[in-house]
4 protein chains.
Amino acid sequence: MLSIDPRSREPIYRQIMNQIKEQVARGILKVDDKIPSVRELSTQIVVNPNTVSKAYQELEREGIIVTMRGKGTFIAEQVPEEILVKDIESVKTKLKQVVLEGHYAGIEKEVMQDWVAWYYKQFGGKS
Amino acid sequence: MLSIDPRSREPIYRQIMNQIKEQVARGILKVDDKIPSVRELSTQIVVNPNTVSKAYQELEREGIIVTMRGKGTFIAEQVPEEILVKDIESVKTKLKQVVLEGHYAGIEKEVMQDWVAWYYKQFGGKS
Amino acid sequence: MLSIDPRSREPIYRQIMNQIKEQVARGILKVDDKIPSVRELSTQIVVNPNTVSKAYQELEREGIIVTMRGKGTFIAEQVPEEILVKDIESVKTKLKQVVLEGHYAGIEKEVMQDWVAWYYKQFGGKS
Amino acid sequence: MLSIDPRSREPIYRQIMNQIKEQVARGILKVDDKIPSVRELSTQIVVNPNTVSKAYQELEREGIIVTMRGKGTFIAEQVPEEILVKDIESVKTKLKQVVLEGHYAGIEKEVMQDWVAWYYKQFGGKS
DNA sequence: GTGGTCTAGACCACA
DNA sequence: GTGGTCTAGACCACA
């Protein structure tokens, strides 16, 4: 279900978060879909249960998933109104950084914009 | 010269690195320009000399600056041939992540592409 | 495990690096072997943890070891393709210097070549 | 006469030392040849006079050159008997390190030995 | 003056 | 427990 790289500089709990988010964005995981329990997932991807637990807690805080006691964990209904200015600012800061690095690596503006379009298409599964 | 936010989650030494890179990209710092000594900068931005030193060492490893023993530290000539596929892959991975987050935050593709163009204009100062 | 000479002109962190490299080359440390944690090694060889940490970070950058967050540090799989012309040039420059010094010290060519053979045998443990 | 790289990690005074030694080894500089004064050389290669001075002091300590007050600095007669065990040990240690690095870079034993022979031929000018 | 190395020790994120 | 970052400050080689 998920593929984790324990050697990556990206924390494992964030890899889990991002991959679940990505699957939601792509429409692979849909609202009310059940996701594996902490134990299941942790044995599946051979990761410390604490790590999976942390990922789930963060995802819940972000409103991506909901845990229902005794029943399991599910993809939450998205609440678009909750979009915060803070998130947008965060995205802009990160984008600026990426553009800076891309610029350094000699990537042309048009190429970068094409990549943006490509990834949007990838994540368009939701609509 | 630089503005550091000690509360940020981004390590201080990386903030220093990024801001210097940005100034080079914008053309504010040019090839052979001298940058402040470790001590100078550390007192200026109220940060431990070791932290500045770490930033400078990383920048040197990346080929952004060169230090000349006992003389100081200078902006290096860029070596475009050194651009590695690795860098490009890194940029793509990060961009994908940013697009994912932007998508979540409800930012439209066109808006994101405009931002890309905007930042490119900002960093185009070099040419 | 390692023997450090704090009086040497060679920085301690480089002594650590070289000895670990040597143990890998000799086959004493093998791929996926765990090496001591920063704290362990630093108490063992009576050196500041920062110094060990610096050595480990450099080794990681060189691809000799990998660290897995919160788990520890391990000998990496070697990636022979990464061998760069730069490394070879560096070896040649250093060898030239050593030969120059040897020549000055009155060491005969054949003796020096024998030593090369001898050290190769020492480091051949890997195969 | 000498070519200095101020960006190198090798201290400038050592670059000066090594190049003079090399020229002696190759027979370009011969016993009793006059070498430039500190001032001359420092303006020629655009280096701080202190740096040249340090190089000359070290070379004198090693017996490579002699300074005669008011007359200038000259290549000394070599005193082969002065060869110290210490020097030989130093060469062996450095050679070991170079072989280790060469081994890492995938250089074959025979290749390294050929290089040794080659450099010996270069420095054979003296004989 | 300039950067490099090191100690001593704190706090934090992560697993 | 494990490594990463940071402060405070010392000492050294080099130019």
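Below, chain A is the first sequence line, B the second, and so on; all start at residue 1.
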Ion pair check, C:E58 and B:R61, cut-off under 4.0 Å: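 Yes.
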Is it true that C:K96 and D:E22 have a side-chain N and a carboxylate O under 4.0 angstrom from each other?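 Here C:K96 pairs with D:E22 in a salt bridge, since their nearest N and O are under 4.0 Å apart.
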What integer distance in Å separates [X]:[atom1] from [N]:[atom2]?
| X | N | atom1 | atom2 | answer |
| --- | --- | --- | --- | --- |
| B:R61 | E:dG3 | CZ | C1' | 14 Å |
| C:R14 | E:dC6 | CZ | C1' | 15 Å |
| A:M17 | E:dC14 | CE | P | 10 Å |
| B:I45 | F:dC6 | CD1 | P | 11 Å |
| B:R9 | E:dC11 | CZ | C1' | 15 Å |
| B:K54 | F:dC6 | NZ | C1' | 9 Å |

By nearest atom, which of the nucleotides [options] is closest to the [X] side chain?
| X | options | result |
| --- | --- | --- |
| D:P11 | F:dG3, F:dC14, F:dT5 | F:dC14 |
| C:N50 | F:dG9, F:dT5, F:dC14 | F:dT5 |
| A:Y13 | E:dG4, E:dC6, E:dC14 | E:dC14 |
| C:R39 | E:dT5, E:dG3, E:dC11 | E:dC11 |
| C:Q57 | E:dC6, F:dG4, F:dC14 | F:dG4 |
| A:I12 | F:dG4, F:dC6, E:dA15 | E:dA15 |
| B:V47 | F:dT7, E:dA15, E:dT2 | F:dT7 |

Considering only heavy atoms from C-beta outward, does the side chain of C:Y56 approach that of C:T67 to under 4.5 Å?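 No - every pair of side-chain heavy atoms lies 4.5 Å or more apart.
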All side-chain hydrogen bond (donor to acceptor under 3.5 Å, both in side chains) counterparts of B:E101, not counting sequence neighbours: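 Checked B:E101 against side-chain hydrogen bond (donor to acceptor under 3.5 Å, both in side chains); matches are A:K94.
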Suppose we call a contact any N or O donor and acceptor under 3.5 Å apart; does that hold for the side chain of B:N48 and the base of F:dA8?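 It does, because a donor-acceptor pair links the side chain of B:N48 to the base of F:dA8 below 3.5 Å.
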Can you check whether [X] has a side-chain N or O nearer than 4.0 Å to OP1 or OP2 of [N]?
| X | N | result |
| --- | --- | --- |
| B:T51 | F:dT7 | yes |
| C:Y56 | F:dG3 | no |
| B:K71 | F:dC14 | no |
| B:T73 | E:dG3 | yes |
| B:S37 | E:dT2 | yes |

Closer to the 5' end of DNA chain E via nearest nucleotide, is it C:M68 or B:I35?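 Taking each residue's closest nucleotide, the earlier one in sequence belongs to B:I35.
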Taking the nucleotide of DNA chain E with the nearest heavy atom to each, does B:T67 or C:G70 sit closer to the 5' end?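 Between the two, 5'-proximity favours B:T67.
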For E:dA8, what is the paired nucleotide under Watson-Crick or G-U wobble rules, both distances under 3.5 Å?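 WC or wobble partner is F:dT7.
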Select from C:E40 and B:P49 the residue whose nearest nucleotide in DNA chain F is closer to the 5' end of that strand.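 Its nucleotide being nearer the 5' end, the pick is C:E40.
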